Peer 1: 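One structure coming up, written as structure tokens, with questions to follow.
Everything quoted here is computed from the prediction, not taken from an experiment. By convention in this document, chain letters (A, B, ...) are assigned in the order of the sequence lines, proteins followed by strands, and residues within each chain are numbered from 1.
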Number of protein chains: 2
Amino acid sequence: MPLPKTARAASRPVRSAPLQAASLRQTRRAHATETAEDYVEAIADLTLAMGEARVVDLARRLGVTHVTVNHTLARLQREGYLSALPYRAIFLTPHGQRLAKICQQRHEVVVAFLQALGVPPKIAERDAEGIEHHVSPRTLAAFARHLAQ
Amino acid sequence: MPLPKTARAASRPVRSAPLQAASLRQTRRAHATETAEDYVEAIADLTLAMGEARVVDLARRLGVTHVTVNHTLARLQREGYLSALPYRAIFLTPHGQRLAKICQQRHEVVVAFLQALGVPPKIAERDAEGIEHHVSPRTLAAFARHLAQ
DNA sequence: TCTAAAATGTAGCTAAGGCTACATTATGTA
DNA sequence: TACATAATGTAGCCTTAGCTACATTTTAGA
Ligand SMILES: [Mn+2]
Ligand SMILES: [Mn+2]
Ligand SMILES: [Mn+2]
Ligand SMILES: [Mn+2]
């Protein structure tokens with residue numbers, strides 16, 4: 001026997017449907033750019049550490065096969081984040097470099113923040129790899145504020 | 001002229017390849033269960049607030065079409081989270097209820113934590129909707145600790 | 001310089017999770 | 001009770017992102 005549609009016997013804060021829908025849309029949007037963010041960040045890291053970024057190195061760092069890397073690189077090249085020629089190293093475009101820098105900085109702040117809260121380093125690194133993509137500028141600023149104290 | 005493969009001119013902490021790969025694998029695992037988590041949480045919320053959970057209500061709250069809801073419900077039913085009959089309301093199995101409770105609690109902690117840091121409520125809600133799925137038990141405990149002070 | 005091994009690329013598959021367009025079933029009200 | 005409308009379901013499409021198996025190209029060392 002269902003309650004009337006207007007019943008609201010909530011014992012805890014019930015998110016409004018529009019707010020929750022908007023939040024979930026934002027989460028899906030974040031997931032859509034997440035791969036690009038992790039790839040350009042990894043390419044920037046590898047370029048700095050090894051002089052160039054190669055497909056095998058990316059595959060190793062990203063925990064996927066080289067086939068997946070190839071496939072994704074094709075899309076990211078299409079979308080203007082990087083340039084690549086067959087059997088050659090991968091280079092970020094200025095657009096890709098800008099994104100990489102932002103992601104590197106955000107990544108560092110999130111990891112440092114979690115560690116400052118008492119989360120062990122490896123767990124902080126693990127969680128940060130996912131959390132970072134859902135941290136808005138306002139929240140990132142809050143993390144940085146907390147770190148500055 | 002690429003540097004030798006052993007070069008390591010890093011000016012900032014370089015994550016080891018194995019740790020980064022493990023972190024990204026964990027992130028992908030989290031994304032695989034994320035939909036289930038958001039659905040069971042929404043179904044529990046709706047059941048409490050309206051007496052039952054219907055496809056239209058879920059679609060509205062989740063910000064997707066009813067077709068997507070149907071499609072996903074079929075999978076979640078296959079995986080034992082819920083039961084549903086054509087043209088009837090959706091019910092969580094005990095398994096689904098257990099997951100829903102965990103997710104509801106975690107969601108609340110994450111939102112409260114972000115707000116305690118000074119993030120405005122709506123932004124906290126938005127970010128939490130994505131962040132929650134990447135918060136490990138250790139990190140959740142750290143959030144709760146911080147809230148208790 | 002040759003050639004085996006490493007790196008890279010391609011073909012073709014799967015699953016999740018979106019969508020529009022259309023079909024069917026329930027339901028509330030005249 | 002009839003029937004218009006709301007709710008639900010189905011068909012069929014797309015993109016992302018994974019994979020294995022196999023083909024091709026580079027490259028390093030004998
Ligand atoms: Mn990441
Ligand atoms: Mn995520
Ligand atoms: Mn969520
Ligand atoms: Mn949630």
Side-chain angles (χ1 to χ4, degrees), chain A residues 2 4-6 17 21 24-39 42-43 46 50-79 81-91 129-130 133, chain B residues 1-2 4-6 17 21 24-40 42-43 46 50-79 81-91 129-130 133:
Chain A
K5 305 253 173 179
T6 52
L24 286 162
R25 281 184 214 276
Q26 172 55 38
T27 299
R28 289 194 293 270
R29 212 169 305 130
H31 287 161
T33 52
E34 171 162 342
T35 305
E37 294 180 350
D38 285 334
Y39 270 69
I43 292 167
L46 283 170
M50 322 232 299
E52 59 179 19
R54 309 290 311 208
V55 171
V56 260
D57 304 316
L58 278 172
R60 186 163 29 237
R61 284 196 104 76
L62 298 170
V64 294
T65 66
H66 81 276
V67 183
T68 299
V69 170
N70 259 340
H71 185 239
T72 304
L73 288 177
R75 175 174 73 84
L76 297 182
Q77 190 166 14
R78 230 192 304 136
E79 293 173 355
Y81 292 105
L82 50 87
S83 66
L85 291 174
Y87 297 99
R88 290 282 124 76
I90 295 120
F91 296 100
E129 195 62 74
H133 308 282
Chain B
M1 47 204 64
K5 303 254 171 177
T6 53
L24 286 162
R25 280 184 216 275
Q26 172 55 39
T27 299
R28 289 194 293 269
R29 212 169 305 133
H31 287 161
T33 52
E34 169 162 345
T35 304
E37 295 181 349
D38 285 334
Y39 270 68
V40 298
I43 292 167
L46 283 169
M50 324 232 299
E52 58 179 21
R54 310 289 312 209
V55 172
V56 259
D57 304 317
L58 278 172
R60 188 167 24 241
R61 284 196 104 78
L62 298 171
V64 295
T65 66
H66 81 276
V67 183
T68 299
V69 171
N70 259 340
H71 186 239
T72 304
L73 288 179
R75 175 173 73 82
L76 297 182
Q77 190 166 12
R78 230 191 302 135
E79 294 174 355
Y81 292 106
L82 50 89
S83 66
L85 291 174
Y87 296 99
R88 291 281 124 77
I90 296 119
F91 296 99
E129 195 60 74
H133 308 282

Peer 1: Need to verify one output field. Residue with the more 5' nearest nucleotide on DNA chain C, B:R78 or B:V64?
Peer 2: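 With B:R78 and B:V64 compared, the 5'-side residue is B:R78.
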
Peer 1: Under 4.0 Å: is that the gap between some side-chain N or O of B:T35 and OP1 or OP2 of C:dG17?
Peer 2: yes

Peer 1: May I ask you to say what A:V67 touches in the nucleic acid, namely base, sugar-phosphate or nothing, with a heavy-atom cut-off under 4.0 Å?
Peer 2: base

Peer 1: With respect to the phosphate group of C:dA7, does any side-chain polar atom (N or O) of A:R54 fall under 4.0 Å of OP1 or OP2?
Peer 2: no

Peer 1: If you assign each of A:Y87 and A:T72 to its closest nucleotide in DNA chain D, which residue comes earlier from the 5' end?
Peer 2: A:T72

Peer 1: Hey, are the side chains of B:Q77 and B:I90 touching, using non-hydrogen atoms and a 4.5 Å cut-off?
Peer 2: no

Peer 1: Are the side chains of B:L46 and B:I43 in contact, using a 4.5 Å heavy-atom criterion?
Peer 2: no

Peer 1: Which of the following nucleotides, C:dG9, C:dG18, D:dG18, is nearest to the side chain of B:T68?
Peer 2: C:dG18

Peer 1: Quick check on DNA chain D: between A:G63 and B:V56, whose nearest nucleotide comes earlier from the 5' end?
Peer 2: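 The 5'-side residue here is B:V56.
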
Peer 1: Are OP1 or OP2 of D:dA17 and a side-chain N or O of B:R28 less than 4.0 angstrom apart?
Peer 2: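 No, no such contact exists.
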
Peer 1: C:dA15, OP1 or OP2 - any side-chain N/O from B:R75 closer than 4.0 Å?
Peer 2: no

Peer 1: Is any side-chain N or O of B:H66 under 3.5 Å from a base N or O of D:dG9, one able to act as donor and the other as acceptor?
Peer 2: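 Check passes, donor-acceptor contact within cut-off.
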
Peer 1: Just to confirm, is there a sub-4.0 Å distance from OP1 or OP2 of D:dT8 to any side-chain nitrogen or oxygen of B:N70?
Peer 2: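 It does not, given that no N or O in the side chain of B:N70 lies less than 4.0 Å from OP1 or OP2 of D:dT8.
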
